[in-house]
Structure formats: C-alpha cells, structure tokens
Amino acid sequence: MAEARITTRSKDYAQWYQDVLREAGLAEPAEVVRGCMVIKPHGYAIWEKMQSDLDRRFKATGHQNAYFPLLIPLSFLAKEAQHVEGFAMECAVVTHSGLKAADGKLTLKNELEEPYVVRPTSETIIGHFFAKWIDSYRDLPLLINQWANVMRWELRTRLFLRTGEFLWQEGHTAHATHAEAQEEVRRMLDVYRDFAHEVMALPVLQGVKTDNERFAGAVETTCIEAMMQDGKALQAGTSHDLGQNFGKAFNVTFQNEKGEREHVWQTSWGVSTRLVGAVVMAHSDDDGLVLPPRLAPIHVVIVPIWKSDAEKAATVDAARRIAKELGDDGLSVKVDDRDNLRPGDKYYEWERKGVPVRVEIGPRDLESRSVMIKRRIAPVDANGKAIKEKLAMEGLGVALGKVLDEFQRFLFERALQFRESNTITVDSWKEFCEVFAGEGSKFVYAHWDGTGETEKAIKEATKATIRCLPYPGQGPAAEPGVCIKTGKPSARRVLFAKNY
RNA sequence: CGGGGCGUGGCUCAGCUUGGUAGAGCGCACGGUUCGGGUCCGUGAAGUCGGUGGUUCAAAUCCACUCGCCCCGACCA
C-alpha cells in the first residue's frame, strides 16, 4: 500500500493539490517573499515545454517576440481610465533608487520624481512604443509577443494558480480595422484552445466574458475555460479586443490609404504559469502527478531489476542501451540504476513525479528479448492490480511512441468525459442553489437576464459566477427562456460555475 | 485586507497548560541483508524550536510585536 504522502482528493482537494506539487517537486512557496513561489526544475521544465510549443504557434501565426521594460512610469497607468481602476490596487510601486547604510541599517536613499509601477501587464508601456513605431497603414498589422514576468499584489495566493509574481506571455497587436483586430482575437483564442487540447490534453470551452469579468480596458474579453477535478472552472487563457481604447490613450495613430489619421485597433492575449497548475489539477490522482506525454520532461523511466551483481551489470547495461535507442527515437528517457532503492520504491517515486510510462528490465526480460511496461494510469485486473504490458525490445521506440500517443489521447478523453458528466442544464433557481450548495461545483448552463446586478446577486447567493457566454456550438443551442434568478427574459443560456 | 488555524531536523508531528536548555516516526549517510510494487538489522549525521523584544537565575514553553504559510471571505489570471 502506498504511504500517505499525498492527501486524497476526496478528503481535502486543496491539500491534495499542494501535496502533489511538493511530492512531484514542481514548486514551493518562496516564504521570504510574500505570495511568490519558487518554480523548481521539474516544474520549470513543464513550463519550458509549454513555452516552446506556444512560441512555435505564435511564430506560425506571424508574431515576433520583443521585450519591454519591467518598470512602467506611474503616469502611463492612469491614461486609460478603466485600466487604472482595474489594476490600481494590485500594483507594486518603485519609489526610490539607492540605499544608504547607517547604524548598521539600510534606508532608502533617493526618492524618484515619478514612481514606477512593476508591470502587472504591459498594455500601457507597449502602447507608448507602438505610437512611436506606427505611422502608416503599411506598418500594420503589428504583431508582437512578449515572454515576461509580471507582478500583481494578490491578497490570497495559491501555487501556480495565483501568485504575486508569475511568468506569462502577452501578445500585443495593432490593426487598421476593428474587423481585423477581432479576427486576431479569435485566431489566438483558437491557438490557445488547440494548445490546451493537443498538448495539455485539457478540454476547454471558448466564450465571451461578461462586463463584470472583462479585462480592465478591453472592449471584449474572450477566454478558454477548463474544468478541474472538483468541478470548479479555471480560466486557462484570455484574448482581448481592446478596441481603440489604448490607441486613444497613447495616441497610437496611422495614416490610411486616403491619407487620413486614424487610431489603431488593438488586441492583447495571454497565458501564464497558471497552466501548470491547470494541468496538475486536471489530470493528477491520489498517487501524485499525472502529466500528458507532450508536457512530460521525462517520457519514460527505465528501471533495471537485478539480484546478483552479474544480473545488475547485464540489466543496467541493457537499460542504457535501450535508453540510447529510445533517445534516438526522440523520447526523453531516464535510467534509474540507483542501487540504494528497491524497484518498488522507484516505481512509487516516478509515479509521484508523473512520468507517463515506466519500463522494467529484469533477467527474465533479457532472456526473452522483451520488457515490461506500466502506464502511469493503467487498467487493473480482477484483483485490482495494475496491468503491465510486455513489449518486444525490437522496435520498442516505435511501440512506446504509440503508447505515449494513446496515453495523451486517453487523458484528454477522460477529462472530457469528466466534464461532460459534470455539466448540466438547470432551469429552476431551487435546483441551481442545490447544485452549488456546499463545496461542490459543476458546469451549469442556465438562463440569465444579462445584467451585472443579477450576476452579482447570483454570486452572492451561490458563489457561482458566469464563466463565459459560450461560442456557438460550445454549449447548448441558443434558445430563449427566462432568467434563473429574476424570471426576466433571456436570449440564451450561459455557463455558470464556481471558479479558481 | 477582515475572520480562523498553524510555524519545533528534509517530511509528518509530540513536547508548551504546570519554564530547567529538544524528542519520535519516516527520509538522509554508512555497513550488511534484500531487490519483478514501499525488505529487515545495525551505526550515524542533521534542529539559531519563524523572527525581534520583554518577563525570569533560567524561555520551544509566559507576554508583546512582527514575518510567513494554510483555510474561509472580499479582490483578481
């Protein structure tokens, strides 16, 4: 039986999440810096995989990377009214330069004439530079992406899901027409959806945010929403139509073909290290981390099994040879030949760390030119024991590649099934309240009268919020009805859930 | 930022009420044994008891302040 290193999901979901992160070595609280985290090598490797795949997708859609300053003049933030209102409370501010030592204490030296804000997002400073770079319609569209860290002074933090500082990418684009900008918003939201589905094995719904949930300064915010294993929703990415709001605030203009001066139409879009938390919460189990192969820093761990020294030499040798071959087949492989641990210990350890497939090589396997493999999540036999599979050493790389592809697909299908079996349509306020009573959550499609007041009232009563107005085909077909709370007319159902 | 809980070797925690200078299990190191799902035995290393200040002959223990983490709420990716 497994040791109780990891709290079970049913006992305490939040504790389970933290235990999984700790036992897999993904991250830990920074402890000396409030609300911030240390992303440990295994966790950072997952982020790097996300980055490289996303970066490829951004380049394929015509974007270029650039980098803007971490510090933003305070005055910039004030130029867009909605924007400043949304971010004012969570800004960290730099007010001084230099330190002086006196009586063994350090004190602040020079007060800055104009303080800087540590970027909570970069719309403003990028707006400033876009104004310098854009002069003609020939300069458009301007398609920029930035990989960066940002800081938001959060009052309550959770590793990866919400931290004071986090890593992300922010796309910023400028276009000649609103229609082009809107296309861009949708294009990148589709990039995010495809990435979530294909790489994270995470099914997401696309939709539009309500006024209450819209990005501060945007005309429209779109999002991808995923369901976690406790039925709560997690916003996994956003893509904003900024209209001409920042164009006007920062005087970003261009001359059109007729020689007329116009403000540009802008977009911004981003995903963050929160995605690492999403992947953990979506796939992991009570034994620890479960990773989709396409994000796994290690695809395959090989555990040689021996009794005698001769057997050790033979199995370790075979393990290394096979690892080399698998590496040539493009797989990331780790040979665990530590002699201070018994095989069972190694099995549990690599399972906690989320390695998708384990390969065992023992004397009997050498004999038969085969290996035993075990998937991170495997079917069980009649006795409840996980089933291992026997594969020939010949062509193992190809066979394992197939296993990994299957596992990737399996995780997606499983997450999709989970979401579908926890998605319901509700038409009575009483039933709506019952669904969200206690800790639980589901995805609930219900009618809403379209007002922010009603949305807030529903949240106050149930803790459920409108996650999005799903795009056509991504929720129930639009049919008129009456608001679940007020009974007023409603054109369509929207998606409700508790959220992270 | 409000309410609650908690900070003692890497992890989980005992000790605190009734002050006397720190313990257990797991992990770790070494030796042996074992090795196809968490062997067993022995030896050993490791802790400014979150921090600062106070009370006291004496503080992990009492008091004040402070930092951090976790949970609930409000705010947010």
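Letters A, B, ... mirror the listed sequences (proteins, then strands); counts begin at 1.
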Just call it for [X]: base, sugar-phosphate, or nothing, with non-hydrogen atoms closer than 4.0 Å on any strand.
X: A:Gln235; answer: sugar-phosphate
X: A:Arg338; answer: nothing
X: A:Thr163; answer: base
X: A:Ser272; answer: base
X: A:Phe166; answer: base
X: A:Ala386; answer: nothing
X: A:Lys312; answer: nothing
X: A:Leu161; answer: base
X: A:Glu90; answer: sugar-phosphate
X: A:Gly35; answer: sugar-phosphate

Any strand is fair game: report the nucleotide pairing with [N] by Watson-Crick or G-U wobble, both distances under 3.5 Å, or none.
N: B:G73; value: B:C1
N: B:C62; value: B:G54
N: B:C16; value: none
N: B:A45; value: none
N: B:G36; value: none
N: B:G68; value: B:C6

Determine the Euclidean distance between corresponding [atom1] atoms of [M] and [N]; express it in Å to zero decimal places.
N: B:G25; M: B:C35; atom1: C1'; answer: 24 Å
N: B:C16; M: B:G7; atom1: P; answer: 13 Å
N: B:A45; M: B:U55; atom1: P; answer: 38 Å
N: B:G4; M: B:G42; atom1: P; answer: 48 Å
N: B:C67; M: B:G50; atom1: C1'; answer: 7 Å
N: B:A22; M: B:C49; atom1: P; answer: 10 Å
N: B:C6; M: B:C13; atom1: C1'; answer: 12 Å
N: B:G44; M: B:G23; atom1: P; answer: 14 Å

Atom pair distance, as rounded to whole Å: [atom1] in [X] and [atom2] in [N]:
X: A:Lys353; N: B:G38; atom1: NZ; atom2: C1'; value: 15 Å
X: A:Gln15; N: B:C70; atom1: CD; atom2: C1'; value: 8 Å
X: A:Leu341; N: B:A29; atom1: CG; atom2: C1'; value: 13 Å
X: A:Lys390; N: B:G36; atom1: NZ; atom2: P; value: 18 Å
X: A:Asp339; N: B:U34; atom1: CG; atom2: C1'; value: 12 Å
X: A:Asp12; N: B:C71; atom1: CG; atom2: P; value: 8 Å
X: A:Ile373; N: B:G37; atom1: CD1; atom2: P; value: 16 Å
X: A:Asn499; N: B:A74; atom1: CG; atom2: P; value: 11 Å

Please evaluate the base of [N] for a donor-acceptor partner in the side chain of [X] within a cut-off of under 3.5 Å?
X: A:Asp365; N: B:G36; result: yes
X: A:Arg34; N: B:G68; result: no
X: A:Lys463; N: B:G73; result: no
X: A:Glu351; N: B:G37; result: yes

Closest listed nucleotide, where the reference is the side chain of [X] and the choices are [options]:
X: A:Gln18; options: B:C70, B:G37, B:G68; value: B:C70
X: A:Lys374; options: B:G36, B:C1, B:G37; value: B:G37
X: A:Lys388; options: B:G37, B:A29, B:A74; value: B:G37
X: A:Thr157; options: B:C70, B:C75, B:G37; value: B:C70
X: A:Leu155; options: B:A29, B:C1, B:C71; value: B:C1
X: A:Ile305; options: B:C35, B:G37, B:G38; value: B:C35

Among A:Thr157, A:Leu159, A:Thr163, find the one that has a side-chain contact (heavy atoms from CB on, under 4.5 Å) with A:Pro29.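 Running side-chain contact (heavy atoms from CB on, under 4.5 Å) over A:Thr157, A:Leu159, A:Thr163 with A:Pro29 returns exactly one hit, A:Leu159.
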
Under the side-chain contact (heavy atoms from CB on, under 4.5 Å) test against A:Gln229, which residue among A:Arg9, A:Met281, A:His283 passes?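 Between A:Gln229 and the candidates, side-chain contact (heavy atoms from CB on, under 4.5 Å) is satisfied uniquely by A:Arg9.
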
So, is the end of the [X] side chain (NZ or CZ) under 6.0 Å from the ring centre of [Y] and within 45° of the ring's axis?
X: A:Arg375; Y: A:Phe410; result: no
X: A:Arg467; Y: A:Phe443; result: no
X: A:Lys485; Y: A:Trp429; result: yes

Check whether the ring centres of [X] and [Y] lie less than 6.0 Å apart, and answer yes or no.
X: A:Phe432; Y: A:Phe496; value: yes
X: A:Phe58; Y: A:Trp269; value: yes
X: A:Tyr17; Y: A:Tyr13; value: no

Expected output: side-chain [X] to main-chain [Y] donor-acceptor under 3.5 Å:
X: A:Arg294; Y: A:Met200; result: no
X: A:Arg22; Y: A:Glu28; result: no
X: A:Thr454; Y: A:Gly450; result: no

Ring pair (Phe, Tyr, Trp, His ring centres under 6.0 Å) partners for A:Phe76, two or more places apart: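 With sequence neighbours excluded, A:Phe76 shows a ring pair (Phe, Tyr, Trp, His ring centres under 6.0 Å) to A:His128, A:Phe250, given in chain and number order.
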
Any A:Lys459 side-chain nitrogen or oxygen under 4.0 Å from OP1 or OP2 of B:C75: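 So the side-chain polar atoms of A:Lys459 do come within 4.0 Å of the phosphate oxygens OP1 or OP2 of B:C75, strictly under.
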
Does A:Arg158 place a side-chain N or O at less than 4.0 Å from the phosphate oxygens OP1/OP2 of B:C71?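 True: A:Arg158 side-chain N/O within range (under 4.0 Å) of B:C71 OP1/OP2.
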
Both A:Lys209 and A:Lys307 contact RNA chain B. Taking the nearest nucleotide for each, which residue is further toward the 5' end?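 Taking each residue's closest nucleotide, the earlier one in sequence belongs to A:Lys307.
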
For A:Leu366 and A:Glu31, find the nucleotide of RNA chain B closest to each by heavy atoms; which residue's nucleotide sits nearer the 5' end?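 First, find each residue's nearest nucleotide; the 5'-ward one identifies A:Leu366.
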
Are the ring of A:Tyr348 and the base ring of B:G38 both nearer than 5.5 Å at their centres and tilted by less than 30°?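 Ring-base stacking flag set for A:Tyr348 and B:G38.
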
Scan nucleotides 2-11 of chain B nucleotide by nucleotide, 5' to 3', and note B when protein non-hydrogen atoms come under 4.0 Å of the base, S if they reach only the sugar-phosphate, - if neither. ----------

